[in-house]
Each structure stands twice: as structure tokens, then as C-alpha cells.
Amino acid sequence: MKKLLKYLKKYWLLAILAAGFMVAEVYVDLYQPRMMQRIVDDGILGLNNNGVSDLPLVVTTGLRMLLVVLAGGLCGLLSGVFANVTGQNYGNDIRKACFEKVMRFSFEQTDDFSTGSLITRITNDVTQLQQLVMQMIRGFVRCMMFFIGGTAALLSLDLSFGVIVACAFPLILIDIIFVVWRTNPLFTVLQESLDKLNGIIQENVAGIRVVKAFVQEKREKARFDAANRHLVDTQFTVQVMLSFLRPVMNIVLNIAVVGILYVGSYQVRQGDVAPGMVMAAITYISQILNGMMMLAMIFQTLSRGLASARRIQEVLNTESDIVQDSALGTETSGERGSVCFRGVSFAYADNGKTVLHDIDLEVKPGETLGIIGATGCGKSSLISLIPRFYDATEGQVLVDGVDVRAYDPAALREKVTVCLQKSELFSTTIGDNIAIGKPGAAQAEIEAAAKAAQADEFIRQQPEGYDTAVAERGMSLSGGQRQRVAIARALLKRSEILIFDDSTSALDLKTEAKLYEALRREYAGTTKIIIAQRIASVKDADRIAVLDGGSIAACGSHSELMATSPIYRDIYDSQLKEEATA
């Protein structure tokens, strides 16, 4: 918990002020019964004035009581303000720290947590922790002041009243312990249920077109209902357990009040205490037991907050497994834009299945390498090792003659740009989406990149051109338009190595041909690695690597592969037949 507490340190003064004003408010509440006792005993009954009422005393004490109450209300208001400022700022800092940490996670780590879980942790779990901080600053101070101060005040009236508190306290403590014991494990289950529900919502909102296209609304509704039912059932169980708290405490409180009345009436008849003292005692015991009831609610918040704190700490304690290995050295060979795979094998951590086997491949600076192969043969896995989206299980991946593990990840990704098949666009303008590749780029640079990507023409046809707003995830554009905007974003960066991971799949052959012509003309010195399903997309590359079952089956130019590679010829012939059939 030390990692979470450090975010609270800079708000310590605000927290102390909140607690201090709460102490003042409770002190006022504890002082009021004494004033009421004086009004009853001296002002109304006149016990110290031979039974003669003292109206001026009633008025003056009443006015003082009103001023004290106003002062207490002001203290309570200030306590709430300072506690809320502390809690909100603390939650804000934790939320930003979690988001920053998630941004540094590798793909595998993000998958391990799941998108729904990360959303829940950064939103709901942080909110629970925020509530816990505010409760501890205000509620804990309040209930402990009521318990300790109220008990002391009650005993100062008459020690026999303390016996009633001593009898009531164990019953309340047993009630609190029982409820906390039963509900504490459920809060972790509750948050995990929320993870699952958020995951389903995120999947369905992102894939709503697929759901509708395949008429799967009923199926997805059933999935949502099942997850939601589990969440509701867990919440219901928690609420049922918590519902034991207040009735039991109210019963104990009423019994204690009856006990005070019984003992007090007996002592009043004996002349040992005054009626006002009995009224003060009833108020004090109500404050004590209400403080205990508040403590029970704090324990509930504490249990839920600690469960959330553990989940947040899991995020904050997870260090990215993509870190620089400075022991490898970063002295480059001088071949800017070169890529080399030496004995590379790779397996995903979740299933341990090896998808790449002993890859040896070298890409020279400025060369265009095409990669082709059947679906699932490892093409995307291979290029994901270059910018270190994943690390090779065995062997080395070198960029500019340096092992990628020796680079700072940010510095490596400045050298390498990956344009993916799935074009992720953001809810901003088309121009801003392109400029993500080079923050601060001039408008002329953005337009030049769009022209090379064959996107300029359709962009200018938009209502506001480059200033046209893009809907969430780019859904206001067609698939081909999204791909061209993403390609323009990659081209604008002008990195040493440009990787197209089947990122022209939504383009027609004519547009694709124009794009590659622009790449040859304007990006001749850039190393280009092009993954494609269509041979037409890579046949003009300097070399083409054929992947089969996670290994390189052949590598050469189009003509060489046609002469020497049966696998390449099979792909070529099958695509020719498809075109002929079409």
C-alpha cells in the first residue's frame, strides 16, 4: 500500500484541515447536551434556584446553543470541502498514474489484464479508493470522536451509565465483525463481475456492426444478461448482509436508551441525578452508538476500498516487460534502416505454442521486402518483433545492427513505423489523425503524405476537407478511406523502416498500384516491409519471403520464386484462378 499512500502525501495539509474541522464539529455536537442539560435543570426546573424557572437563562443559553450549532455546521462544511478536494485530487493522480502505466504495457500484459478489467480498475476501483480516503478523513475521525468523547462525557455524568455502554458495545462489535467477515470476500468478486460486464459492453459497442450483420442481438443480450445477473446477485448478497447492520444496531440503541431511562428515572427518584442529566445521557449514548453504526459503514467502505486498492496496485506494480537491456550496447553499424533476424523463434506466453521457428532473414537499407504466406503462418508475429510489440523467445532481432532489446522502446519506435490492417482512427479531425505520425507537422506535410497515400482526393471531397471530424473509431469513413488515412499517418512520420501489415487489403488494385508507385518515387531510401495476401501487392518488391508454418520456405524475387518455390507458385496459381472465376 506504500505505493498508493505516496500519492496522498502532497495533500497531507488538506487532509489534516479536513480532520481538524471534523474534530471541531464533533466537539460542538458533544457540547450541546451539556447546554441542553443546563436549560432543563436550571432554566426550566430551576433546581439550583429553589425551583424557580430562569427564563433569561433559557434565552441566553438557547442563543449560545444556536451560535454553537452554526459554528459546528460551518466546521462540518469546511471539513467536507477539504476532504473532497483531497479525495478528488488523490483519485485524479492515481487514475493518471494507472493510465500512464497501462500505456507502457506490452501487448501481452494488456491481454493478461483484459480491456474490460483495465477500464474497471481505472474508473470504478479508483472511485472506491477515493471514497475510502474521504471516509477515513471524515467518517473515521467523526465516529472515533463520538465513541471516545461521548463515552467520557457520559461517564462524567454518572458512572452507572457506563455499565449500559459496556453491555451494548460487545453486541455491536459482534454485529460488525460478522457482517465484515461475510462481505469482505464478496467485494473482490463484485469488482471482477464488473470487469466481465465492462468487457462484454466494450466488445459489443466496438463490434456492433458484426453483431447486427449476423443478427446476433439475442445471443449478445443473453451474454450480457448472464454477466449482469451475476453482478446483481453478488450485489444483492452484499446488500442482504449489510442490511443486518442497521436493524441490529437500532435494536441495541433502543435497548440502551430504555436502560438509561430506567436507571435515570430510579436515580431521579432517589435525588442522585437531575432530569436534564438523564436527557444529556440519552443524547450521549445515542451519539456513541450512532458513531459505532458509522464505524460499521466505514468498515464496509474499507473492505471494498482495500479490494479495489489491491487491484489498482496490481496495475501500478506491473512493470512493462519491454525494457531496455543496456548491457547489450547501442553502438550502430552505420547501416541505417537495416533489419536482421538471427535464429529467431517466438511463442505467445498465453499458450506457449511456437509460431515462428529459427528465422534467419536480412533486410538491407532502402530495400523493399514482401512477405507472403497462408493465413496464420506467422507473418504479423514476425514483424511485431521489430518494434518490440513482443520479444523473441530465442535468437536476435537487429535494427541498424543493434539488438532491439538494447534500444529504449520509444527510440526504437521512432525508427520503425507499423501500419496495421485494422486502421485505428481517433475522434478528431482527419488532419489531426494524420498528424499523429508527426506532432506539429505543417499542413503542407500532412497534405503531401495524404497525396502519397492516395487519400488527398477523397479528403478534399469531405464537407470540411482536412478539418472534417471523424466519428468514433473512424466509422464515418469507409474501410478503404480509413486505411488510406492510416497509411498517410505512417508516411508522414518518415521513419527509417516502414512496415505495412496487410494495410492495403481494403484498397482496389488500381489505388494500391498508385500507392506503391508513390512509395518507390518519394520514399526510395526508406526500408519497406510489406505483408500481403495478394501476390499483386508484393510482386514488384526487391525480394519476397515466403512463410510456411512459421518458417521461411523461400526468399527471392517474383521471377525467382516462380521458378524455384512450389508454395509460391501454388499461391500464384490459386489467385489467378480466383481472378479468372471472378
Side-chain angles (χ1 to χ4, degrees), residues 99-119 122 198-199 201-211 213 320 322 379-390 409-410 412-414 416-439 441 446 449-450 452-456 458-459 462 466-495 497-507 511-512 515 529-533:
F99 185 77
E100 183 181 347
K101 181 71 76 169
V102 169
M103 288 294 99
R104 294 202 297 266
F105 281 174
S106 68
F107 287 178
E108 284 181 327
Q109 289 171 313
T110 304
D111 293 340
D112 286 343
F113 277 103
S114 85
T115 304
S117 178
L118 288 173
I119 291 172
I122 296 176
N198 279 338
I201 294 170
Q202 186 266 337
E203 286 178 350
N204 278 274
V205 172
I208 189 66
R209 283 165 172 78
V210 176
V211 173
S320 174
I322 303 297
K379 301 186 295 296
S380 294
S381 299
L382 180 67
I383 61 97
S384 293
L385 303 179
I386 300 173
R388 286 194 77 192
F389 293 156
Y390 300 94
L412 173 65
R413 289 163 191 167
E414 285 296 322
V416 182
T417 297
V418 182
C419 189
L420 302 171
Q421 178 183 11
K422 185 180 179 182
S423 306
E424 296 288 352
L425 301 186
F426 298 90
S427 302
T428 180
T429 65
I430 293 175
D432 286 343
N433 268 288
I434 296 174
I436 290 171
K438 185 180 178 182
I446 294 172
Q454 309 305 303
D456 181 70
F458 91 78
I459 293 174
Q462 298 296 310
Y466 284 85
D467 293 326
T468 301
V470 176
E472 185 180 7
R473 299 176 57 246
M475 289 305 175
S476 56
L477 303 176
S478 70
Q481 289 172 337
R482 289 198 300 272
Q483 279 196 338
R484 280 178 279 172
V485 171
I487 291 169
R489 179 168 61 199
L491 297 180
L492 178 63
K493 188 177 174 183
R494 284 194 172 273
S495 55
I497 301 162
L498 180 61
I499 300 172
F500 284 175
D501 185 4
D502 207 12
S503 52
T504 61
S505 58
L507 305 185
T511 303
E512 186 181 36
L515 166 64
I529 300 175
I530 301 169
I531 290 177
Q533 298 291 341

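Quick note: residue numbers are just sequence positions, from 1. Heavy-atom basis, side chains included; hydrogens, waters and symmetry copies ignored. Here the structure is a predicted model, which is why all the values come from computation and not from measurement.
Listed by chain and number, the residues in a side-chain contact (heavy atoms from CB on, under 4.5 Å) with Lys438 are Ala441, Glu445, Leu492 (sequence neighbours excluded). Residues satisfying the side-chain contact (heavy atoms from CB on, under 4.5 Å) test with Arg413, not counting sequence neighbours, are Ile322, Pro387, Arg388, Phe389, Pro409. With sequence neighbours excluded, no residue satisfies salt bridge (Lys or Arg N to Asp or Glu O under 4.0 Å) with Glu414. Applying the side chain to side chain donor-acceptor pair (under 3.5 Å) criterion to Ser478, with sequence neighbours excluded, gives Gln481. Residues satisfying the side chain to side chain donor-acceptor pair (under 3.5 Å) test with Tyr390, not counting sequence neighbours, are none. In this structure Ser427 satisfies the side-chain contact (heavy atoms from CB on, under 4.5 Å) test together with Glu472, sequence neighbours excluded. With sequence neighbours excluded, the residues forming a side-chain contact (heavy atoms from CB on, under 4.5 Å) with Thr428 are Phe426, Asp432, Asn433, listed by chain and number. Qualifying side chain to side chain donor-acceptor pair (under 3.5 Å) partners for Asp501, counting only residues two or more places apart in sequence or in other chains: Ser380. Contacts of Lys101 classified as salt bridge (Lys or Arg N to Asp or Glu O under 4.0 Å), with partners at least two apart in sequence or in another chain: Glu319. Remark: Ser106 pairs with Gln109, Asp321 by the side chain to side chain donor-acceptor pair (under 3.5 Å) rule, at least two apart or across chains.
A pairwise comparison of heavy atoms in Gly431 and Ile446 identifies O-CD1, 4.0 Å as the closest pair.
We find the SG-CD1 distance between Cys419 and Ile530 to be 11.0 Å, quoted to the nearest 0.5 Å. Note that CD1 of Ile459 and CZ of Arg484 are 8.5 Å apart. Values are rounded to the nearest 0.5 Å.
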Steps toward side chain to side chain contact (heavy atoms under 4.5 Å, CB included) verdict (Leu507, Ile487)
CA-CA 11 Å; Leu507 305 185; Ile487 291 169; 4.3 Å; yes
As a quick check of understanding, evaluate side chain to side chain contact (heavy atoms under 4.5 Å, CB included) for Tyr466 and Asp456, giving each step before the final call.
CA-CA 9 Å; Tyr466 284 85; Asp456 181 70; 2.5 Å; yes
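Between the side chain of Gln483 and the backbone N or O of Ala506 there is at least one donor-acceptor pair closer than 3.5 Å.
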